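Some notes on the structure that comes next.
Remember, predicted model here, so these are calculated numbers, not experimental data. Here is how names work: the chains are called A, B, and so on, in the same order as the sequence lines, proteins then strands, and each is numbered from 1.
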Amino acid sequence: MGPMKWSQTLIPTSRQVPAEAVVPSHQLMLRAGLIRSIGAGLYDYLPLGWRVLQRVMNIVREEMNDAGASELLMPALIPIEFYADTRRDVDYGDNLFRLTDRHGRSAALGPTHEEVITELMKAYVTSYRQLPLNLYQIQTKYRDEFRPRFGVLRCREFLMKDAYSFHVEVDGPGGLNETYDRMYAAYCRIFDRCGLDYSIVEAESGPIGGSASHEFMCNSPVGEDTILKSDKGNYAANVEKCAIGDRPHDLSGAPTGERTKVHTPNLPGIEGVSDFLKVKPSRMLKTIVWPWRAGERNGWVIAVVCGHHDVNEAKVRDILRDQVDRSLTLQTEGSEGAARAAGFAIGYVSPSAAIGRSACVVIADPDAAQGGFWATGADEMDHHVNHFNWKREVLDKGVQVHVADIRNAMDGDPSPLNDGGVLRASKGIEVGHVFKLGTKYSDAMGFAVLDEKQQKRSVIMGCYGIGIGRIIASAIEMNHDENGIVWPAPIAPYDVIITPIKYEGEAREVTDRLESQISQAGLDVLVDDRDERPGPKFKDADLIGIPIRLTIGDKALAQGCVEVVKRDGSLGKGEMVRIEEVVSRCRSSR
RNA sequence: CGGGGUGUAGCUCAGUUUGGCAGAGCGCCUGGUUUGGGACCAGGAGGCCGCAGGUUCAAAUCCUGUCACCCCGACCA
């Protein structure tokens with residue numbers, strides 16, 4: 001991208017940490033003059049920040065193209081009708097940015113482009129001979145986030161690479177799995193090149209739908225996602241998805257005492273009751289109620305976990321479908337109000353609430369399906385009970401209890417591989433996500449092709465996203481020190497910064513000559529030609545994190561040398577290098 | 001959307017309790033002295049105190065409304 005003089009561009013560095021920034025990457029991106037906020041979750045990318053973005057995009061393009069994908073560009077502004085068939089205008093909810101034009105037509109600012117690309121494909125692709133195809137774009141995406149935060153990590157407008165692949169088969173040559181694996185490998189190369197330390201975890205596919213997915217999680221304490229990894233190194237998953245290994249359960253244990261009711265006014269939450277009853281949350285049962293539906297039939301699901309655990313809705317949904325009755329679907333919208341209206345004492349529900357109700361499915365997590373002492377709700381407002389006992393209170397009253405893994409995994413839980421591994425929890429920034437979408441979109445939108453037997457076949461899809469801005473923030477999160485950013489070389493805004501102590505005389509001549517030579521060698525070089533004292537120049541060079549700094553001062557020049565300093569500290573305080581060797585040194589240490 | 005907080009100079013913030021000349025540091029401009037890790041001296045520019053009403057002789061300060069931003073939670077490909 002050529003050489004540049006500091007005085008001829010805009011790099012507004014700052015000593016002070018802006019008040020609104022709470023995480024290191026956000027603070028440093030502001031201080032180094034990479035970005036500027038113009039509103040909640042909206043950022044200018046200034047010249048330095050834009051250069052980093054372009055470098056990341058180039059890496060993404062190279063790897064995507066190498067993996068056989070073709071770039072295109074779709075609009076960010078999408079007529080709302082595109083979402084009608086897939087119902088995503090509803091399913092995506094308030095996060096979908098909506099607007100109305102002067103004619104009163106509704107549109108959305110695209111959060112992703114499944115519908116748009118499927119429409120495109122439907123228009124031109126009619127034969128299996130045209131498949132497989134893998135198309136991608138790098139485009140601004142929009143989400144009406146309730147709460148943008150952490151700088152570019154969660155904003156309302158952001159750059160994303162999104163790719164979509166189309167297949168007739170799942171397996172075999174040209175099948176979905178082949179492209180999925182290829183994307184998976186390309187993602188590894190992309191994140192490796194960007195200098196990220198990341199974990200690949202199994203993930204829920206979420207509102208986008210689909211059958212299998214992996215997330216690429218940058219390992220960082222500022223991440224908003226919780227991931228669990230087996231200490232055997234053979235399993236990793238997002239907490240939304242993470243299964244838990246086998247745990248013994250026993251519903252037949254003898255009561256520990258008389259079931260005694262206690263008045264617990266205005267204490268619907270576990271913590272309040274725990275304090276009040278002097279019972280640890282781990283000895284309390286938490287009971288959540290949802291309606292289920294199956295055509296015209298409906299009923300209730302009562303999910304029970306220990307007080308210190310969280311119910312995982314997706315797991316309950318899967319258990320209901322796979323182990324109870326395939327036709328049942330969980331209703332989560334407005335479930336609390338519905339349950340209240342049906343007479344459940346929300347906040348004070350116990351497993352006994354199933355007694356006397358038909359079509360009521362009780363599912364207990366193994367850790368909750370135990371004998372011993374339990375405190376739980378009394379199924380009436382403002383009351384709990386001590387000495388709840390599964391056999392006496394539930395089984396003997398004729399209620400069947402399913403025992404299954406229905407809670408979120410926690411640090412210390414057994415690995416689902418049941419190989420003695422223990423799950424360890426950590427935080428991650430989601431920088432990439434690959435999905436097997438299946439035929440969700442193609443079926444909804446009527447996209448099918450004829451196969452060689454003249455049979456109509458639903459097109460099988462995959463989709464693959466990468467957050468460009470998040471890569472940058474993540475790279476900074478894991479590559480900075482007290483002086484500023486330490487860019488991984490491939491995504492640094494410049495490869496070399498030349499810092500003349502004083503930009504005049506011989507120093508100026510040498511600076512200009514090196515600038516030109518280094519540039520011709522294919523490296524991007526920034527010359528700090530400002531009329532500043534050396535201190536601020538050094539501080540700024542450290543802050544913006546250029547990998548190689550050439551300091552040009554009288555001491556070194558007297559020996560025909562300049563000083564080479566590497567931002568990562570690998571050359572210590574610097575090394576004298578003869579002027580004629582500087583270019584090759586820069587090139588080799590890139 | 002619930003709870004909490006903040007809006008005053010380009011940036012970070014005092015001043016608001018108890019109404020009475022619009023402040024500091026950093027940055028910026030001019031001149032001078034400096035010049036290898038955020039210099040010093042002197043001078044200077046810069047504000048509709050978020051916005052709109054109200055109370056008052058007088059409002060950054062009190063009252064009402066409103067907008068924006070930040071934090072915690074909820075939410076989230």
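The D542(A) side chain lies nearest to rG37(B) when the options are rG38(B), rG73(B), rG37(B). Listed nucleotides rG38(B), rC26(B), rC70(B) differ in distance to K539(A); the shortest reach to its side chain belongs to rG38(B). Listed nucleotides rC26(B), rG38(B), rC1(B) differ in distance to Q16(A); the shortest reach to its side chain belongs to rC26(B). With rG37(B), rC70(B), rU35(B) as the choices, the nucleotide that has an atom nearest any side-chain atom of K502(A) turns out to be rU35(B). When each of rG73(B), rG27(B), rG36(B) is scored by its nearest atom to the side-chain atoms of R149(A), the top-ranked nucleotide is rG73(B). Closest approach to the N95(A) side chain among rA74(B), rC70(B), rC76(B) is made by rC76(B) (side chain taken as heavy atoms from C-beta onward).
In this structure, I501(A) places its CD1 atom 13 Å from P of rU35(B), rounding to the nearest Å. Atom pair Y43(A):OH and rC70(B):P shows a separation of 7 Å (rounding to whole Å applied). Taking atom CZ on R154(A) and atom C1' on rG73(B), their separation rounds to 14 Å, with Å as the unit. Taking atom CG of L153(A) as the reference point, atom P of rC70(B) lies 14 Å away to the nearest angstrom. The nearest whole Å value for the distance from the CG atom in D94(A) to the P atom in rC1(B) is 9 Å. Atom NE2 of H433(A) and atom C1' of rC76(B) are 13 Å apart (whole Å). The CG atom of L42(A) sits 13 Å away from the C1' atom of rA68(B) (whole-angstrom rounding). The nearest whole Å value for the distance from the CZ atom in R15(A) to the P atom in rC13(B) is 16 Å.
Straight-line distance between the C1' atoms of rU61(B) and rU55(B): roughly 13 Å, to the nearest whole Å. The gap from the C1' atom of rG31(B) to that of rG23(B) amounts to 26 Å, rounded to the nearest Å. Spacing between rG37(B) and rA14(B) at atom P, rounded to whole Å, works out to 34 Å.
Taking the side chain as every heavy atom from C-beta outward, R88(A) and L96(A) never approach each other to under 4.5 Å.
Here the rule is side-chain contact (heavy atoms from CB on, under 4.5 Å) with L571(A), and of V564(A), V565(A), I548(A) only V564(A) fits it.
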Between R567(A) and D481(A), does a salt bridge (charged side-chain N to carboxylate O under 4.0 Å, His left out) hold up when you go through it step by step?
-> CA-CA 10 Å; R567(A) 182 61 180 88; D481(A) 61 22; 2.9 Å; yes
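Donor-acceptor pairing under 3.5 Å is lacking for the side chains of T112(A) and K141(A).
Among the atoms of the strands shown, base atoms are found under 4.0 Å from some heavy atom of F158(A).
If you check distances only, the side chain of R549(A) does reach the base of rG37(B) with a donor-acceptor pair under 3.5 Å. One N or O donor and one acceptor, one from the side chain of R533(A) and one from the base of rU34(B), sit under 3.5 Å apart.
A cation-pi arrangement is present between K436(A) and Y180(A), with the terminal nitrogen or guanidinium carbon under 6.0 Å from the aromatic centre and inside a 45° cone about the axis.
Relative ring orientation between F191(A) and F216(A) is described as tilted, the plane-to-plane angle lying within the 30° to 60° band.
When each of A21(A) and E563(A) is assigned the nucleotide of RNA chain B bearing its nearest heavy atom, the one mapping closer to the 5' terminus is E563(A). Projected onto RNA chain B by closest heavy-atom contact, P534(A) and K161(A) fall at different nucleotides, the more 5' of which corresponds to P534(A).
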